[in-house]
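Quick note: numbers below take in every heavy atom, side chains included, and nothing from hydrogens, waters or symmetry partners.
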Amino acid sequence: MSAPPAALPFGVLLRVFLRSLFLQASWNPKGMQNLGLAYAVYPALAALYPQGPAREEAVRRHLVFFNTHPYVAAAIVGGVINHEERIARGEETPDKVVAFKAALMGPLAALGDGFFWLSLKPATGAVSAALVPLLGVWAVPLFLVLYNLVHLLLRVRLYWLGLTLGDRLVEAVARANLPARGARLRAVAAASAGGVAAWLAVSFGANAGGLYAPLLAAGCLALGVASYVLVSRRVPNYVVLYVAAGLACVAGAFL
């Protein structure tokens with residue numbers, strides 16, 4: 001990948017990234033994340049524009065409404081700097097950076113919600129919960145490490161893409177195929193949650209219900225899997241209920 005634009009030193013780019021971690025610290029009902037965005041990019045604006053009207057105008061155009069997923073916002077922050085460098089060099093007009101933010105904040109918000117909130121967090125939480133019998137309380141720091149390792153590395157990656165690609169970062173984000181990765185993470189979450197349920201059912205059942213309790217617990221889990229398969233194949237719900245009722249009667253007769 002090509003190096004970031006040379007107009008800004010690495011120290012300034014690093015400060016912008018670190019400030020972007022506090023994007024929501026000044027969230028407000030009117031502009032939402034606009035103050036956080038202006039705060040994040042200000043070191044770059046101060047380096048690109050001399051103190052006076054030009055810098056004030058640059059800050060003002062980032063005080064308009066802005067709201068997106070706080071993690072994927074790193075891509076927009078990087079893209080804003082890419083555009084501001086071109087504006088400072090006279091290669092494009094200021095309306096380009098405003099349009100860039102407006103076009104991306106909605107789609108990237110949906111992408112971030114689907115991947116981070118609905119996939120990554122449940123997956124790391126379920127894996128950590130599944131390891132509680134082995135790790136005990138250490139499963140809590142494991143969750144924090146796993147979740148933040150992935151989310152921070154992705155933030156860095158997205159910021160770099162914004163810096164180096166500008167408008168073309170959309171193509172790079174599309175190639176990353178986060179929805180497909182999210183689907184795999186949700187499968188991991190479901191498998192881990194099922195493992196936890198199986199362990200709890202067998203463990204608690206053996207303690208409370210005697211010799212046949214583990215078999216009953218395993219049967220309940222198998223019924224759950226069978227029900228999911230039947231429903232996914234559009235078998236009527238009442239058929240699933242009849243099957244469950246019949247198996248319950250069998251279990252009650254023998255156990």
Interatomic spacing from [atom1] in [X] to [atom2] in [Y] - rounded to 0.5 Å:
X      : Y      : atom1 : atom2 : result
Gln33  : Lys101 : CD    : NZ    : 11.5 Å
Leu185 : Lys121 : CG    : NZ    : 13.5 Å
Asn82  : Asp167 : CG    : CG    : 7.5 Å
Leu35  : Asn28  : CG    : CG    : 5.0 Å
Trp160 : Phe17  : CH2   : CZ    : 12.0 Å

Please tell me if the side chains of [X] and [Y] come closer than 4.5 Å, counting only heavy atoms from C-beta onward.
X      : Y      : result
Leu152 : Val156 : no
Ile76  : Phe66  : yes
Val97  : His62  : yes

With Glu56 via side chain to side chain contact (heavy atoms under 4.5 Å, CB included) - residues at least two apart | Arg60

I'd like to know if the side chain of [X] and the backbone of [Y] have a donor-acceptor N/O pair within less than 3.5 Å.
X      : Y      : answer
Arg155 : Pro70  : yes
Tyr159 : Leu13  : yes
Arg19  : Tyr39  : yes
Ser119 : Phe116 : no

Decide whether [X] and [Y] are clustered together by the hydrophobic rule: side chain heavy atoms of Ile, Leu, Val, Met, Phe, Trp, Tyr closer than 4.5 Å, transitively.
X      : Y      : result
Trp27  : Leu63  : yes
Val80  : Leu18  : yes
Leu21  : Leu14  : yes
Val145 : Val150 : no
Val132 : Leu134 : no

Nonpolar side-chain network containing Leu153, other nodes, edges under 4.5 Å = Leu149

Tell me the closest heavy-atom pair linking [X] and [Y], and the distance in Å.
X      : Y      : result
Leu37  : Leu23  : N-CD1, 3.5 Å
Asn34  : Val64  : CB-O, 2.9 Å
Leu165 : Ala172 : CD1-CB, 3.7 Å
Leu161 : Leu169 : O-CB, 4.0 Å
Arg55  : Pro50  : CB-O, 3.4 Å
Val16  : Pro43  : CG2-CB, 4.2 Å

Could you give me the CA-CA distance, side-chain angles and deciding distance for Thr93 and Ile87, then say whether side chain to side chain contact (heavy atoms under 4.5 Å, CB included) is met?
-> CA-CA 6 Å; Thr93 56; Ile87 294 169; over 6 Å; no

Are Glu91 and Lys96 close enough for a salt bridge, meaning some N to O gap below 4.0 Å?
-> no

Decide side chain to side chain contact (heavy atoms under 4.5 Å, CB included) for His69 and Trp117; before the verdict, give the C-alpha distance in whole Å, the side-chain angles of both, and the deciding distance to 0.1 Å.
-> CA-CA 10 Å; His69 191 282; Trp117 295 163; 3.3 Å; yes

I would like to know whether Leu104 and Thr68 meet side chain to side chain contact (heavy atoms under 4.5 Å, CB included); could you show each step before the answer?
-> CA-CA 9 Å; Leu104 288 187; Thr68 189; over 6 Å; no

Take atom CZ of Phe22 as the centre, draw a 6.0 Å sphere, and report whether it contains more than 12 heavy atoms from other residues, nucleotides or ligands.
-> no

Without hydrogens or angle criteria, can the side chains of Glu84 and Tyr49 be said to hold a donor-acceptor pair below 3.5 Å?
-> yes

For side chain to side chain contact (heavy atoms under 4.5 Å, CB included), just list the numbers for Leu131 and Trp138, CA-CA rounded to whole Å, side-chain angles, deciding distance to a tenth of an Å, and then say yes or no.
-> CA-CA 9 Å; Leu131 294 175; Trp138 290 104; over 6 Å; no

